[in-house]
Amino acid sequence: MNKLYIGNVSEEASAEDLETIFEQWKIPHSGPFLVKTGYAFVDCPDEKNAMMAIDILSGKVELHGKLLEVEHSVPKRQRSCKLQIRNIPPHLQWEVLDGMLAQYGTVENCEQVNTDTDTAVVNVRYGAKDQARQAMEKLNGFLMEDFALKVSYIPDETAAAATPNLGGGKRGFVPRGPLRSGSPGLGARPKLQSDVPLRILVPTQFVGAIIGKEGATIRNVTKQTHSKIDIHRKENAGAAEKPITVHSTPEGCSNACRTIMEIMQKEALDTKFTEEIPLKILAHNNFVGRLIGKEGRNLKKIEVDTETKITISPLQDLTLYNPERTITVKGSIEACSRAEEEVMKKVRESYENDVAAMNLQSNLIPGLNLNALGLFPGGAPGMGPSMGHNAPPPGAQGGYSSFGSSYFGGEGPFWASVLSASSQPLSGQGQPESETVHLFIPALAVGAIIGKQGQHIKQLSRYAGASIKISADEVRVVDANQVAPPDGMDAKQRMVIIAGPPEAQFKAQGRIFGKLKEENFFGPKEEVKLEAHIKVPSFAAGRVIGKGGKTVNELQNLSSAEVVVPRDQTPDENDQVIVKITGHFYASQLAQRKIQEILSHVRRQQQPKPSPRGEGPPRGDGLARPSRK
């Protein structure tokens with residue numbers, strides 16, 4: 001892949017002109033320039049020099065008034081399914097890139113190429129030639145965070161093998177070794193950066209030493225560890241500690257952490273600071289339970305293996321807008337570094353498991369306006385200008401959890417890619433309609449949901465934008481000091497009444513599911529499954545069931561939730577009956593949204609039809625009547 005194609009060459013250009021440009025930019029070439037009308041070819045000594053020529057010259061250097069276009073020269077028989085995409089924003093997440101690439105077909109493999117450039121480069125293999133061609137046409141020049149992507153074909157070794165070169169090797173491709181596996185699931189795929197940044201707390205008095213004179217020290221750390229490091233020194237004025245966020249690969253994060261600890265130790269010696277300086281790692285509460293493990297086994301193993309002492313801040317220190325807990329590690333720098341690797345390995349595994357679970361279900365949930373969920377970090381692609389109003393202060397949660405619902409782990413890149421599907425509000429226009437859902441929780445969990453003096457349920461109500469009440473016999477403190485009347489339910493359960501639009505339901509219910517898991521009301525390997533009731537007009541119950549139960553059976557198969565419309569119900573004073581939904585969070589949400597979709601369809605059918613000649617609405621009860629044939 002060392003042969004270059006140079007396009008948009010002026011008719012006045014000569015081989016000497018091109019050679020001068022390569023010499024001017026100190027780009028080696030291993031053969032003469034073959035100049036044709038409008039284009040040229042040249043060989044480079046190796047792939048690294050070929051990449052350097054592409055990055056330096058393509059679209060940037062003029063010759064006789066025309067900008068040169070430089071890319072890999074690929075014979076037509078090898079223009080198969082493989083592309084190289086360059087100039088990718090350096091901190092772009094894999095999920096965003098995957099979502100973009102998947103728009104054009106099946107991506108069999110995507111791997112990062114190591115280069116000396118500031119931007120990222122990946123090689124992509126599609127499942128079919130036409131998919132690769134479409135991606136090439138659509139993505140070449142596509143602007144992403146102010147970076148214009150550059151896409152070119154790269155030789156397909158299998159295509160070369162299938163079509164032997166009979167021309168003496170003039171345009172042959174020299175294989176660079178065995179083909180990599182086409183399955184992304186086989187072997188570890190290199191990442192542009194870890195999806196979960198490393199967050200640490202450092203004593204404020206050491207921040208100056210970490211930054212260095214005119215920022216020289218932090219620049220060196222960034223360069224040596226290939227990391228992006230944010231020191232949030234302006235946050236929490238007067239605080240004894242400041243957060244630092246490190247964006248890099250897991251290895252880069254660990255190297256940066258070790259270097260920062262060494263800088264602090266040296267500064268402590270220089271300033272005769274005698275107190276121990278522990279490593280303090282910040283982690284979202286959702287991951288801490290899995291880090292600790294059943295009966296503390298995981299954490300104890302890390303302590304023993306790394307010869308450190310590890311403590312974790314109590315749950316009482318959490319707030320809805322700051323769901324991070326502090327993991328304090330004491331030991332030598334070497335021991336703390338090993339512990340950081342193990343702790344963050346567990347945290348990242350938990351995050352990836354949560355994203356995988358979300359990936360299976362989330363884009364099946366219709367009727368949600370994902371913009372209104374407030375799940376996206378400030379720079380997420382596709383985020384509208386009105387978003388972010390629910391976000392916490394910058395740096396407060398490390399960029400991977402501006403969403404307060406600890407059930408999901410992290411949202412940014414994944415939801416940003418889902419957002420590209422352009423979900424619309426359920427009602428289609430204007431403000432979505434409010435819905436009421438009755439969610440049943442264990443009676444013993446009521447205190448955890450309400451919180452001390454009702455603080456948690458009040459915060460949750462504000463965060464989700466929903467009215468939340470809990471039915472009570474003995475419970476007296478509920479949101480907004482309102483008490484929902486008891487409903488004669490099983491004494492072992494309490495009913496949470498949630499009223500709000502679909503997005504508020506999603507956030508409020510998700511947080512409740514997550515809280516029950518965090519507080520260990522379900523076992524470590526037990527899925528949180530709750531029963532939810534929604535009321536539907538009695539005349540619409542048959543539509544939910546379907547002929548011979550077809551609709552409700554399809555709904556159960558699609559959502560994996562149990563959906564039951566109890567027989568022989570007596571409609572309430574509003575002529576409504578109950579539909580029961582039981583399942584884990586995503587199953588329940590999908591079933592709820594599908595049922596609301598059915599109800600919306602029924603309501604639309606009940607609306608008056610427009611008169612054919614503008615004669616005004618029909619007289620009578622306003623319901624549309626079937627037309628006569």
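Numbering of residues begins at 1 and proceeds along the displayed sequence.
Rounded to the nearest 0.5 angstrom, Ile231 CD1 and Ile210 CD1 are separated by 5.5 Å. Considering CD1 of Ile310 and CG of Leu299, their distance stands at 5.0 Å, rounded to 0.5 Å. Taken to the nearest 0.5 Å, the CD1 atom of Ile27 stands 8.5 Å off from the CG atom of Asn49. From Gln589, atom CD reaches atom CZ of Phe506 across 6.0 Å, with rounding to the nearest 0.5 Å. Separation of atoms CD (Glu340) and CG (Leu198) is listed at 5.0 Å; rounding is to 0.5 Å. Here CG of Leu4 is found 4.0 Å from SG of Cys44. Values are rounded to the nearest 0.5 Å.
Considering only residues two or more places apart in sequence or on other chains, Phe273 meets the ring pair (Phe, Tyr, Trp, His ring centres under 6.0 Å) condition with Phe206. Contacts of Lys294 classified as salt bridge (charged side-chain N to carboxylate O under 4.0 Å, His left out), with partners at least two apart in sequence or in another chain: none. In this structure, the side chain to side chain donor-acceptor pair (under 3.5 Å) partners of Thr225, at least two apart in sequence or on a different chain, are Ser227. Among residues two or more places apart in sequence or in another chain, the side-chain contact (heavy atoms from CB on, under 4.5 Å) test is passed with Met136 by Leu83, Val151, Tyr153. For Asn298, there are no side chain to side chain donor-acceptor pair (under 3.5 Å) partners at least two apart in sequence or on another chain. Shown here are the salt bridge (charged side-chain N to carboxylate O under 4.0 Å, His left out) partners of Arg133, two or more places apart in sequence or in another chain: Glu137. Take Asn255 and apply the side chain to side chain donor-acceptor pair (under 3.5 Å) test, not counting sequence neighbours, and it matches no residue. Lys346 meets the salt bridge (charged side-chain N to carboxylate O under 4.0 Å, His left out) test with no other residue; sequence neighbours excluded. By the side chain to side chain donor-acceptor pair (under 3.5 Å) test, Ser152 pairs with Arg86, sequence neighbours left out. Scored by the salt bridge (charged side-chain N to carboxylate O under 4.0 Å, His left out) test, Arg325 finds no partners at all (sequence neighbours excluded).
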Would you sort out whether Arg297 and Lys301 count as a side-chain contact (heavy atoms from CB on, under 4.5 Å), showing the intermediate values?
-> CA-CA 6 Å; Arg297 291 173 191 165; Lys301 185 176 187 304; over 6 Å; no
Go through the steps for Ile21 and Leu68 under the test side-chain contact (heavy atoms from CB on, under 4.5 Å), then give the verdict.
-> CA-CA 11 Å; Ile21 287 176; Leu68 298 178; 4.0 Å; yes
Please test Leu282 against Thr326 for side-chain contact (heavy atoms from CB on, under 4.5 Å), starting from the C-alpha separation and ending with a verdict.
-> CA-CA 5 Å; Leu282 296 174; Thr326 304; 3.5 Å; yes
Can Lys138 and Gln103 be said to form a side-chain contact (heavy atoms from CB on, under 4.5 Å), step by step?
-> CA-CA 10 Å; Lys138 298 290 186 182; Gln103 296 177 59; over 6 Å; no
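Using bins of under 30°, 30° to 60° and over 60° for the plane-to-plane angle, the ring pair Phe287/His284 lands in the tilted bin.
Looking only at distances, a side-chain donor or acceptor of Arg338 sits under 3.5 Å from a matching main-chain atom of Thr306. Between the Glu111 side chain and the Asn123 main chain, no donor and acceptor come within less than 3.5 Å of each other. With hydrogens and angles ignored, the 3.5 Å screen pairs a side-chain donor or acceptor of Asn87 with a backbone N or O of Ala148.
Looking only at side-chain heavy atoms (C-beta outward), Tyr126 and Val107 come within less than 4.5 Å of each other. Side-chain contact between Glu303 and Lys300 is present, with heavy atoms from C-beta onward closer than 4.5 Å. Using a 4.5 Å cut-off on side-chain heavy atoms (C-beta onward), Lys345 and Pro250 make no contact. Side-chain atoms of Val347 and Ile281, non-hydrogen and from C-beta on, never get closer than 4.5 Å to each other. Residues Glu334 and Arg258 meet the side-chain proximity criterion, which asks for heavy atoms closer than 4.5 Å. You'll find the side chain of Glu342 stays beyond 4.5 Å of the side chain of Asp305, heavy atoms only. Counting heavy atoms from C-beta outward, Leu279 and Thr308 have side chains that stay 4.5 Å or more apart. Proximity of Ile302 to Leu291: side-chain heavy atoms (C-beta onward) are separated by under 4.5 Å at one or more points.
Listed here is the closest heavy atom pair of Ser254 and Glu341: OG-CG, 3.3 Å. The two atoms that bring Ala268 and Ile277 nearest to each other are CB-CD1, 3.7 Å, heavy atoms only. Here the closest heavy-atom approach between residue Ile263 and residue Ala209 is recorded as CG2-O, 3.7 Å. Of all non-hydrogen atoms in Gln205 and Ala240, the two that sit nearest each other are OE1-O, 4.4 Å. Among all heavy-atom pairs drawn from Pro45 and Pro28, the shortest one is CD-O, 3.6 Å. Closest heavy-atom contact between Pro278 and Thr328: CB-CG2, 3.7 Å.
Within 6.0 Å of CD in Glu276 there are more than 12 heavy atoms belonging to other residues, nucleotides or ligands. Heavy-atom neighbours of Glu307 CD from other residues, nucleotides or ligands within 6.0 Å: at or below the threshold of 12.
Inspection of the His226 and Thr249 side chains reveals no N or O donor paired with an N or O acceptor under 3.5 Å.
Applying the side chain to side chain donor-acceptor pair (under 3.5 Å) test to residues at least two apart or on different chains, the pairs with a partner in residues 262-272 are Lys266-Asp270. The salt bridge (Lys or Arg N to Asp or Glu O under 4.0 Å) contacts involving residues 217-228 comprise Lys228-Asp230, where partners must be two or more places apart or lie in separate chains.
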